[in-house]
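To find a chain, count down the sequence lines: A is the first, B the second, and so on, and within it residues start at 1.
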There are 2 protein chains.
Amino acid sequence: MKDLLKQIPIFENFNDDDLVYLQTISTVQTLKKNSIVFFKGDEPRYLHVLLEGSLKIYKYNQNNNEVMLKMLNTASLVAELANLEHMPYPSNCSTLEESKLLLIDYGKFENHFLKDSKFLFMFVKSLTNAILMLEKTISFNLTLNSTSKVARHLYEIFPSSCHMNHKIRASTLNMTPETYSRIIRKFKDENLIKEENGKVEILDEEKLKKYFDA
Amino acid sequence: MKDLLKQIPIFENFNDDDLVYLQTISTVQTLKKNSIVFFKGDEPRYLHVLLEGSLKIYKYNQNNNEVMLKMLNTASLVAELANLEHMPYPSNCSTLEESKLLLIDYGKFENHFLKDSKFLFMFVKSLTNAILMLEKTISFNLTLNSTSKVARHLYEIFPSSCHMNHKIRASTLNMTPETYSRIIRKFKDENLIKEENGKVEILDEEKLKKYFDA
DNA sequence: GCCTTTAATTGATTTGTGTCAATGATATAT
DNA sequence: ATATATCATTGACACAAATCAATTAAAGGC
């Protein structure tokens, strides 16, 4: 777990003592697929760290369809901001597969770590990272059409999410499985990609790139 | 200017000495309507503070239409992250009306202020604020359809932007002026709002609310 | 292994929003 | 004050993506 925590920006410079203390104020929780981690409106009591599995952060649109705002994979800090601001969670969170979470008692964490300015640099780094991700999400969703989103997802995000099925990939990209399927079909017909037992392989990287870097 | 700077989260706890030093490393720039502040890809040399007027942060989509990612009004810090990370600007920025900017030499700012941990708390606060805004943008753009966006904009964002014309309001909401106009017409026909010499008045707040808080 | 459920694909249709075009209204400049 | 440019509105049409529906494929449970 130590190594895993060090992959997370906010903990990367924690020393052994810090990590030991962190464990004394934490518990590990294992959740089955499609379990709720928290609901929109809940008061945050824990800092959640995703040790294994994957989560989605989501809301509902007018038509009560889920809109996935963020997907989180192993070694992520979940929704740090609601904690920091002592505000209720702005979105829902649930598991996409069986997952293991570290629940850190936030009151204790705040008292021990956040009063200490040596940790603030790490905090700034973590927040900075969060901003970069958010800006990427905005730009991705607002400037690209469905075809481009799929192309870019295949090109750059794909390796990390290749174990996921089409349905989840589509929802990550905020489109329906039907649309996703049709675009994948088009790419196959154009010989840009091929798919063998669920594993996608890119055949023509350059042509695929043309779909998104205008 | 002192009072204005103190409205900006990152400067709110600056003392007089800090503010005086800030001025020695800054210049003021006045720009006409539709002037470029920076282009995507530029290297940031200044920390920009918007003293007067308004700006847009934008990119282009596949069809070379502008997509506005953010609008900034008086007393805003512009694109702090590109500075912090020493990365090129990820988007373009231009003025929406005649505007006055404070250009702070970022190299000097960083040396004087960011090495000092007493300023880090303010920095965390500023970043936190930025994250909240970004999350709101994502949620706004991904969960609402055009009608809901206009309703919510009228309801909550409107007073601050009532001096703007329809074209800019539409682009703030990432829709065409035509779509905006049609929705406004619908709301007028339903007696939800009325418009007199460019000034919108809400007639039925409850009904307007129903369009966005599902 | 078979049965049941969930996921994937494909076609037909609908819907929301953008595009194009024409006209009327405002603002700005000379 | 008039001319010119910009903005606003409205209608007709186009298009991307969602929805609905039907079928096939794959995965999980017993």
Side-chain angles (χ1 to χ4, degrees), chain A residues 32-34 60-68 95-98 140-151 153-154 161-189 193-200 211-212 214, chain B residues 32-34 60-68 95-98 140-151 153-154 161-189 193-200 211-212 214:
Chain A
K32 295 228 178 309
K33 190 176 171 180
N34 296 323
Y60 292 93
N61 68 8
Q62 256 84 20
N63 231 355
N64 269 355
N65 295 325
E66 266 185 37
V67 178
M68 196 190 292
T95 57
L96 287 167
E97 56 190 322
E98 177 160 324
F140 186 84
N141 280 288
L142 296 188
T143 68
L144 302 181
N145 61 25
S146 292
T147 307
S148 308
K149 285 203 249 178
V150 174
H153 184 248
L154 288 170
S161 57
C162 66
H163 64 289
M164 291 188 308
N165 59 25
H166 284 198
K167 201 187 162 202
I168 293 179
R169 283 187 226 155
S171 102
T172 305
L173 302 174
N174 286 308
M175 65 184 69
T176 59
E178 291 95 327
T179 299
Y180 187 82
S181 175
R182 279 185 253 266
I183 292 168
I184 289 291
R185 163 119 319 276
K186 194 178 75 141
F187 287 166
K188 280 180 189 163
D189 291 349
I193 57 168
K194 68 175 177 184
E195 204 170 12
E196 263 165 20
N197 42 47
K199 189 130 188 68
V200 172
Y211 275 104
F212 60 91
Chain B
K32 295 228 179 306
K33 189 177 170 180
N34 296 322
Y60 292 93
N61 67 10
Q62 254 87 18
N63 229 357
N64 268 355
N65 295 326
E66 267 185 37
V67 178
M68 196 190 293
T95 57
L96 287 167
E97 55 190 323
E98 178 160 323
F140 185 84
N141 280 289
L142 296 189
T143 67
L144 303 182
N145 60 23
S146 292
T147 307
S148 308
K149 285 203 246 177
V150 174
H153 184 247
L154 288 170
S161 56
C162 66
H163 66 288
M164 292 189 308
N165 59 27
H166 284 197
K167 201 186 162 202
I168 292 179
R169 284 187 224 155
S171 101
T172 305
L173 302 173
N174 285 309
M175 65 184 70
T176 60
E178 291 95 327
T179 299
Y180 186 82
S181 176
R182 279 185 253 266
I183 292 167
I184 289 290
R185 164 119 316 278
K186 193 178 76 138
F187 287 166
K188 279 179 191 166
D189 291 348
I193 58 168
K194 68 175 176 183
E195 204 170 12
E196 262 165 21
N197 42 47
K199 188 129 187 70
V200 172
Y211 275 105
F212 60 91

Which nucleotides of nucleotides 21-30 of chain C have their base under 4.0 Å from a protein heavy atom (B), which only their sugar-phosphate (S), and which neither (-), written as one string 5' to 3'?
----------
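In this structure, A/N61 atom CG and C/dT17 atom C1' are separated by 16 Å, rounded to whole Å. Taking atom CZ of residue B/R169 and atom P of nucleotide D/dA8, one finds them 8 Å apart after rounding to whole Å. In this entry the distance linking CD of B/E195 with C1' of D/dT9 reads 12 Å, nearest Å. Here the P atom of nucleotide D/dT10 and the NZ atom of B/K186 are 15 Å apart, to the nearest Å. Whole-Å rounding puts the B/Q62 CD to D/dC15 P distance at 17 Å. In this structure, CE of B/M164 is placed 11 Å from P of D/dA8, rounded to the nearest angstrom. In this structure, CG of A/L173 is placed 18 Å from P of D/dA16, rounded to the nearest angstrom. Between the CG atom of A/L142 and the P atom of C/dT17 there is a distance of 14 Å, given to the nearest Å.
When only modelled atom types and interatomic distance are considered, A/S171 and A/E66 share no side-chain donor-acceptor pair under 3.5 Å.
A heavy-atom distance below 4.5 Å is not found between the side chains of A/L142 and B/N61.
At the phosphate of C/dG18, OP1 or OP2 sits under 4.0 Å from a side-chain N or O atom of B/T179. Between B/S181 and D/dA8 there is no side-chain polar atom (N or O) within less than 4.0 angstrom of OP1 or OP2. The side chain of B/N174 contributes no N or O atom lying less than 4.0 Å from OP1 or OP2 of C/dG18. Proximity of A/N145 to the phosphate of D/dC15: no side-chain N or O atom is located under 4.0 Å from OP1 or OP2. In this structure, A/N63 reaches the D/dT19 phosphate: one of its side-chain N or O atoms is under 4.0 Å from OP1 or OP2. Side-chain N/O atoms of A/R185 include one lying less than 4.0 angstrom from OP1 or OP2 on C/dT10. A close approach under 4.0 Å does not occur between any side-chain nitrogen or oxygen of B/S146 and OP1 or OP2 of C/dG16.
Panel note: side chain A/T95, backbone A/K32; a donor-acceptor pair is recorded below 3.5 Å. Here the side chain of B/K33 pairs no donor or acceptor atom with the backbone of B/L96 at under 3.5 angstrom. Judged by distance alone, the side chain of B/N63 and the main-chain N or O of B/N65 form no donor-acceptor pair under 3.5 Å. No donor-acceptor distance shorter than 3.5 angstrom exists from the side chain of B/T179 to the backbone of B/M175, with no hydrogens or angles considered. Looking only at distances, no side-chain donor or acceptor of A/S181 sits under 3.5 Å from a matching main-chain atom of A/P177.
Each of A/K167 and A/R182 has a nearest nucleotide on DNA chain C; the 5'-most of these lies closest to A/K167. Nearest-nucleotide positions on DNA chain D for B/H166 and A/L144 put B/H166 closer to the 5' end.
Under the rule for a side-chain hydrogen bond (donor to acceptor under 3.5 Å, both in side chains), the partners of B/K188 that lie at least two apart in sequence or sit in another chain are B/E195.
The B/T176 side chain lies nearest to C/dG18 when the options are C/dT9, C/dG18, D/dT19.
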